[in-house]
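Written below as C-alpha cells is the structure these notes are about.
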Amino acid sequence: MSFPKRFDEFVVEGKVKYGIEKVVNYSNLSVDNLCLITSLNKSVEPSSYTEAIKDPRWIEAMNSEMEALNRNNTWIVVDLPKGRKPIGCKWVYKIKYKANGEVERYKARLVAKGFNQKEGVDFGETFSPVVKMVTVRIILKLDVNSGWPLYQLDINNAFLYGSLSEDVYMTLPLGYFNNDKNKVCKLVKSLYGLKQAPRKWNEKLTSVLLDMGFTQSVCDHSLFVLSKNDVLVVLLVYVDDIVITGNSSTEITRVKKSLSESF
C-alpha cells in the first residue's frame with residue numbers, strides 16, 4: 001500500500017508563491033501520525049450555520065447541544081423589553097479526534113457574543129481565580145512523598161451550570177425558533193462566550209464544595225481541603241479542570257460521586 005509522500009499531493013490548488021506544500025514531507029511519519037495528518041487534511045469544520053446544515057453529522061451535533069441547553073433550563077423565551085438590545089449568538093463547530101487520528105465525535109457549541117455586552121447593564125464582576133502553580137507543585141510533592149492516589153477530573157459543559165444574577169437577553173439561535181424579531185432568550189444560566197461565565201461557574205463549584213464539607217484556603221482560593229478525623233482530601237481547581245488527591249481512596253471516591261451527581 002503506497003501513501004502520498006508530499007503535502008502537495010493533497011492540495012488541489014495553491015495560491016501562495018512559496019506555499020508549505022512545497023517543503024512538507026510525509027515519508028518519515030509513523031503510520032498513526034500519517035493517519036492523523038490525512039484525517040486533518042480531509043476533515044472540514046464548517047464556519048457557519050448555513051454550511052453545517054448540509055451535513056447530517058453536524059445537524060445531530062447541534063441537536064445534542066440544544067437538548068443539553070433545554071435540559072439545563074438555560075433560558076426562557078420572552079419579549080424584548082423596551083430600551084434593551086440583545087446580544088447575538090453563533091454556532092461554533094469542532095471535530096474531536098482520537099490519538100490515532102480517527103474522528104471521535106462532531107461537537108457543536110452555541111456561543112454568546114459576549115463582546116456586545118455592556119458593563120453595568122448585563123455583566124458586572126468577571127474575575128475568576130485559578131489555582132497558583134506554586135500550590136500545584138506543593139500538592140504534587142506531598143502526593144508523591146506520601147504515595148497518595150491522584151485523579152484529574154474534567155466537568156463537561158461546566159460554564160452552563162452557573163446561574164446569572166443579571167438580566168441578559170440574547171437573540172434566538174438559528175434554526176430552532178421562528179423568525180420573530182420581538183422574541184429573545186432571557187438567559188437564566190450562564191453560556192459560553194459571556195464575560196461573566198467563568199466567574200459564575202466558579203461561584204457554583206465553590207458553593208457545591210463548601211456544602212460537601214470542604215474548606216476554601218484563604219491563601220489560594222482555588223485550593224479546597226476536606227479534613228475530618230484522620231481523613232484528608234485536597235482539591236485543586238483550574239477553571240473546569242479539577243485535581244483531587246488525599247490519603248483515603250474511599251473518601252476520594254465519595255467526593256467524585258458527589259461531584260458527578262451535582263454536575
Side-chain angles (χ1 to χ4, degrees), residues 1-16 19-21 24 26 29-77 86-116 154-161 168-181 183-185 187-194 197 201 239-241 263:
M1 182 177 181
S2 61
F3 291 99
K5 293 185 177 181
R6 301 189 64 83
F7 182 74
D8 57 5
E9 296 181 34
F10 289 104
V11 178
V12 178
E13 180 183 2
K15 298 182 180 179
V16 181
I20 193 174
E21 70 275 3
V24 173
Y26 283 169
L29 291 178
S30 66
V31 175
D32 288 342
N33 287 337
L34 186 60
C35 290
L36 174 60
I37 296 299
T38 304
S39 297
L40 292 175
N41 286 335
K42 293 182 177 180
S43 302
V44 178
E45 297 171 350
S47 58
S48 66
Y49 172 79
T50 305
E51 293 180 19
I53 58 174
K54 298 177 182 178
D55 190 330
R57 294 170 297 187
W58 291 115
I59 294 176
E60 182 180 356
M62 288 188 289
N63 289 340
S64 297
E65 174 75 353
M66 288 298 295
E67 288 174 5
L69 294 174
N70 289 329
R71 282 197 309 269
N72 197 44
N73 297 317
T74 307
W75 59 61
I76 55 175
V77 178
I87 62 174
C89 63
K90 66 174 293 186
W91 286 101
V92 177
Y93 307 95
K94 188 70 177 178
I95 301 176
K96 301 290 185 178
Y97 295 95
K98 298 179 181 178
N100 61 0
E102 295 180 5
V103 175
E104 181 178 4
R105 64 191 177 105
Y106 291 81
K107 174 66 177 177
R109 171 159 283 162
L110 186 67
V111 178
K113 295 182 179 180
F115 53 82
N116 289 330
D154 180 70
I155 308 296
N156 291 328
N157 297 321
F159 285 6
L160 303 184
Y161 291 101
V168 182
Y169 298 94
M170 184 185 75
T171 55
L172 300 175
L174 281 173
Y176 290 89
F177 295 93
N178 296 327
N179 293 326
D180 188 343
K181 295 183 179 180
K183 296 292 184 180
V184 293
C185 294
L187 297 181
V188 178
K189 299 289 184 67
S190 185
L191 196 65
Y192 282 88
L194 292 179
W201 154 244
V239 191
D240 58 350
D241 288 305
F263 305 111

request  = Could you pull out the closest heavy-atom pair between N157 and K107, with the gap in Å?
outcome  = OD1-NZ, 3.7 Å
message = Between Y161 and I155, is there a side-chain heavy-atom distance shorter than 4.5 Å?
response = yes
ask   = Does some side-chain heavy atom of E104 sit less than 4.5 Å from a side-chain heavy atom of I95?
value = no
ask   = Backbone N or O of L160 within a donor-acceptor pair of the N72 side chain at under 3.5 Å?
value = yes
inquiry  = Quick one: does any side-chain atom of Y106 pair with a main-chain N or O of Y93 as donor and acceptor, under 3.5 Å?
reply    = no
query = Quick one: does L172's side chain get under 4.5 Å of V184's, heavy atoms only?
reply = no
Over all atoms of both residues, closest heavy-atom pair of C89 and L110 = SG-CD1, 4.1 Å
Side-chain donor or acceptor of W201 paired with backbone N/O of V239 under 3.5 Å = yes
message = Assess the residue pair T171 and I87 against the criterion (side-chain contact (heavy atoms from CB on, under 4.5 Å)); give the C-alpha distance rounded to whole Å, side-chain angles, the decisive distance to 0.1 Å, and a yes or no.
response = CA-CA 6 Å; T171 55; I87 62 174; over 6 Å; no
ask   = Looking at Y192 and A158, what are the two nearest heavy atoms and their distance?
value = OH-N, 3.3 Å
message = W91 vs R109, test: side-chain contact (heavy atoms from CB on, under 4.5 Å). Steps then yes/no.
response = CA-CA 6 Å; W91 286 101; R109 171 159 283 162; 5.9 Å; no
task = Indicate yes or no for a side-chain donor-acceptor contact from E51 to the backbone of S47 under 3.5 Å, with no hydrogens or angles considered.
result = yes
request  = Evaluate the side-chain proximity of P86 to M170: yes if any heavy-atom separation is below 4.5 Å, no if none is.
outcome  = no
Spatial distance of atom CD (E65) from atom CD (E67) [nearest 0.5 Å] = 10.5 Å
ask   = Are a donor atom and an acceptor atom from the side chains of N70 and Y176 found within less than 3.5 Å of each other?
value = no
K90, NZ atom: more than 12 neighbouring heavy atoms under 6.0 Å = no
inquiry  = As an exercise, state the distance from CG of L191 to CH2 of W75, rounded to the nearest 0.5 Å.
reply    = 6.5 Å
query = When you measure from the side chain of D55 to the backbone N and O of R57, does any donor-acceptor pair fall under 3.5 Å?
reply = yes
Non-hydrogen side-chain atoms of V77 and F177 separated by less than 4.5 Å = yes
message = Within the structure provided, determine whether M66 and L69 are in side-chain contact (heavy-atom separation under 4.5 Å).
response = yes
query = Is the ring centre of Y49 less than 6.0 Å from the ring centre of W58?
reply = no
Side chain to side chain, T74 and V188, heavy atoms closer than 4.5 Å = no
task = Check T50 against I53 and note the closest heavy-atom contact, atom names and distance.
result = O-CG1, 3.3 Å
